[in-house]
Amino acid sequence: MEYSKNIDKKWQQKWKDEKLYKYNPNAKGKKLYTLEMFSYPSGAKLHLGHWFNYGPSDTFARLKRMQGYNVFHPMGFDAFGLPAENYAIKTGIHPEDSTMKNIETMKKQLEEMGGSYDWDYSVETCMPNYYKWTQWIFTKLFEAGLAYKKEAPVNWCKNCQTVLANEQVINGACERCGTAVERKKLAQWFFKITDYAEELLKDLEKLDWPESTKKVQTNWIGKSEGSEVTFKGENGDFEFNVFTTRVDTIGGVTYVVVAPESELVQRITTKEQKEAVDNYIKETAKLNEIDRLSTERPKTGVFTGAYAINPVNGDKIPVWIADYVLEDYGTGAVMAVPAHDTRDYAFAKKYNLPIKRVIEAKDGEKTELPYTEKGILVNSGIYNNLTSEEAKKKITDDLAAKSEGKRSINYRLKDWLVSRQRYWGAPIPIIYCDKCGMVSVPEKDLPVLLPYDVEFRPDGESPLKKCEEFMNCTCPKCGGKARREADTLDTFVCSSWYELRYPDAQNTEKAFDKETVNKMLPVDVYIGGKEHAAMHLIYARFMTKALRDLGYLDFDEPFKRLVHQGMILGPDGNKMSKSKGNTVSPETYIEQYGSDVFRMYLMFGFDYRQGGPWDEKGIESMVRYFSRIERLIETIGKYDEKESNGIIKENEKDLLRVKNQTIKAMGEDIDNFQFNTAIARSMELLNKINDYIRENNDINTKVVIETVKTYIKLLAPLAPHFAEEQWYRLGNTESIHKQQWPEINQKEMDGGTKNIPIQVNGKLKTCVTVSADATPEEILTAIKETPQVIEIFEKNDVKKEIYVPGRIYNLVV
RNA sequence: GCAGAUGUGGCGGAACUGGUAGACGCACAGGACUUAAAAUCCUGCGGUGGUUAAACACCGUGCCGGUUCGAUUCCGGCCAUCUGCACCA
């Protein structure tokens, strides 16, 4: 193989000099915005996963460019975040320094990969020219009431004296020191994503996304339809609501349970029970994440001493508290029906609470308790004999008439907690003034710059709090002395709108121009890992909708089509990780074989959506393939096109037919991200060309040369450097990447033959070869004339004859 | 526990809306070229039986069953692996 990384370098330089990948928004061709999830510059270099994600996606972008689309294919860096900060804590290297250095390296490597990016449209989320607008968006959400502050529990590591992100909590313990993580309440910032729960759910329909990802989001949003029912205290001195999806079982309520954290508990607890209740609340607060995550843990709870009245049947029922009831879901209180709920059943058994059956199976079959299916009501007074569905409706209606209940919908989705007690993030642009309260930083004062010299080692407080010159400021409203918010924004906020910034990345006046984003978005194809199915992809959708409602854009969804690439695992079949020592570095392969061999091997050896364990065995096969192509080009060089007589014979038609079929198949395959089969098709074409040359002494040079040129064009998106080299070797003087994707010549593609399978009882017996353009009737005639078919009719009693016109013939005997 | 994905030759992986299972490649075997090797080219390659060789027959897409003229594909039930979410009332 003559091809090597030197050839890569040569063309990279030339493409750069010629600004080959310059994006022109006004160029002709339909716009196509294709985007890969940008990468996090945590490691110093691109790893195999980056290659597997970005190489094939670049191939897709290149195909689309050749097919005449005006392709917008930007790349940037998700540069804020915890790993850089952790790295800094470990090594003492400032996050800004390490991050900027990593970005430089990664950019260079992406060029070495042959990525067709225009770096004039790039974003780095840690740069003030980007995070200024992240902050600006925050202020707009704040002004619209979509960003708010409230107390919320955070993960707290006692040993490290720090707040932990969810990702830093491994099995309920701190990832660094292994100490059990506790919950601690702190004032936190939230985005009101719950306002959009219904729309986020409903609009999933519109999206061309993998069904499994839509399902993840559906579950994440967790819509649940049921009823809210009011329970009053036996003396009418208190009341509270419960949420239930099974109001039909309300007759079987034998106690109610309130979350220990609920403020109601303090009001209703009797003197006798006060000590027990207080102790229980204390114990619950101490509970760490490990215990909380355990569903195995036996249910515990305490009686408050108070009684409530069942609004449907007037039963007097005890009010308990138990930590299996969550304060922040539903109303923070549940009605317990031990006969028909497994948790309530276990709880009732443990504390000897009564169990009352109110639902029987529809078929009258005797079932054991707890019976959690729907059925027919019993022991429920006027509701007896109704089905569960009928009862739900009637009971809710009756309660509503008394103002003691209503239909209700609950979502599992919680508001998005966006504040972090961390250094390496965008400062939250809020100022606290004694006189004016919370004031957002006006646009003219943005960005609120992240100071460089900060002690970022964790000690339990936001690092920025210790930076006096950052903290002290004047109130934008009254001009008095004020303090800044010391928390920074979750990196998911930075990445929730970056796709909007790319098309207008240099804009210094606005986050983005409305007209520009309306024209360029939504992203036509978005490519990235499915680990982002819930978080990033739902946050970005929320942000688009919120900005739409604030009038900054006019579309509903950011990403029209979504493709998830698979993951390349270590050779041992496990996820690659430094600690397991099973990482594979792309560099050695690039050094040895050149970037296109590596890119092609990644595309050919794995299903793009699936990934799989790394295995370098097959990479030599790609070297062999490249060598065969080089030899072909060399052979072709000996022929002179002018010698051709121009008459196309039968054996040449076959070659042309395969050529056209390959154009079609490869275009479709790459469009579907099936790179492995696209490459297989290209190999078949090469085999065909070689067969033709070998089998014919007197070859038609014109046909061969044209076919080879087409073939190299087909390789251009897959192996950009290599194809360029061969293209020039064929005597061309303009980049192959400026060529059109070959057109399909229908005339050349027609003709030839095809096989029609003949089956007996669904089993293949023989085939009949017919002309590809034969009519179904002609084919049937040919089938009937086949000796084997005649024989079958003679020897068997044919009961049924099935002919799928032009496809298959089956006889039942 | 719930949800989702996956399961096809020795291996990576193909197979359109139910219609010739195993494309393409790797590995392997045999042959050509060579003093020899490498490279290259050609041929074979799911299993079992069968034959001098073929023809041919049977089995075969995780397992069991169903629908159908026909199932890797659709339905029901299992098993295994992986990935999310996890007391959601």
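Only this structure's heavy atoms are used, side chains among them; waters, hydrogens and symmetry mates stay out. Computed from a prediction, not measured in an experiment: that's the story for all the values here. Chain naming here is simple, since letters A, B, ... match the order of the sequence lines and numbering starts at 1 in each.
- A:Asp344 comes within contact range of no nucleotide atom at all, as no heavy-atom separation falls under 4.0 Å.
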Before you tell me yes or no, could you show the steps for A:Ser224 and A:Asn410 under side chain to side chain donor-acceptor pair (under 3.5 Å), namely the whole-Å CA-CA distance, both residues' side-chain angles and the distance that decides it to 0.1 Å? CA-CA 5 Å; A:Ser224 170; A:Asn410 257 285; over 6 Å; no
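- Here A:Lys215 does not reach the OP1 or OP2 of B:rC2: none of its side-chain N or O atoms lies under 4.0 Å away.
- Contact check, A:Arg609 against B:rA5: no side-chain N or O comes under 4.0 Å of OP1 or OP2.
- Listed pair A:Asn574 / B:rC82 fails the phosphate criterion, with no side-chain N or O lying under 4.0 Å from OP1 or OP2.
- Formation of a donor-acceptor pair under 3.5 Å by the A:Arg681 side chain with backbone atoms of A:Thr662 is not found in this model.
- Looking only at distances, no side-chain donor or acceptor of A:Arg407 sits under 3.5 Å from a matching main-chain atom of A:Thr396.
- Contacts of A:Asn676 with the nucleic acid, taken as non-hydrogen atoms under 4.0 Å apart, involve only primed sugar atoms and P, OP1 or OP2.
- Checked for salt-bridge contact, A:Lys664 and A:Glu668 meet the test: a charged N lies under 4.0 Å from a carboxylate O.
- At B:rC26, one or more side-chain N or O atoms of A:Arg624 fall inside 4.0 Å of OP1 or OP2 (strictly under the cut-off).
- For A:Lys765 and B:rC69, the shortest distance from a side-chain N or O to OP1 or OP2 is not below 4.0 Å.
- Using bins of under 30°, 30° to 60° and over 60° for the plane-to-plane angle, the ring pair A:Tyr3/A:Phe722 lands in the perpendicular bin.
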Under the rule of Watson-Crick or G-U wobble with both distances under 3.5 Å, where | means paired to another strand and [ ] a crossing pair, RNA chain B maps to (((((((..(((......[....))).(((((.......))))).((((......))))..(((((..]....))))))))))))....
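- Among the candidates A:Tyr280, A:Tyr324, A:Tyr351, the single residue satisfying the side chain to side chain donor-acceptor pair (under 3.5 Å) test with A:Thr300 is A:Tyr280.
- Glycosidic conformation of B:rG9 is syn; the angle stays within 90° of 0.
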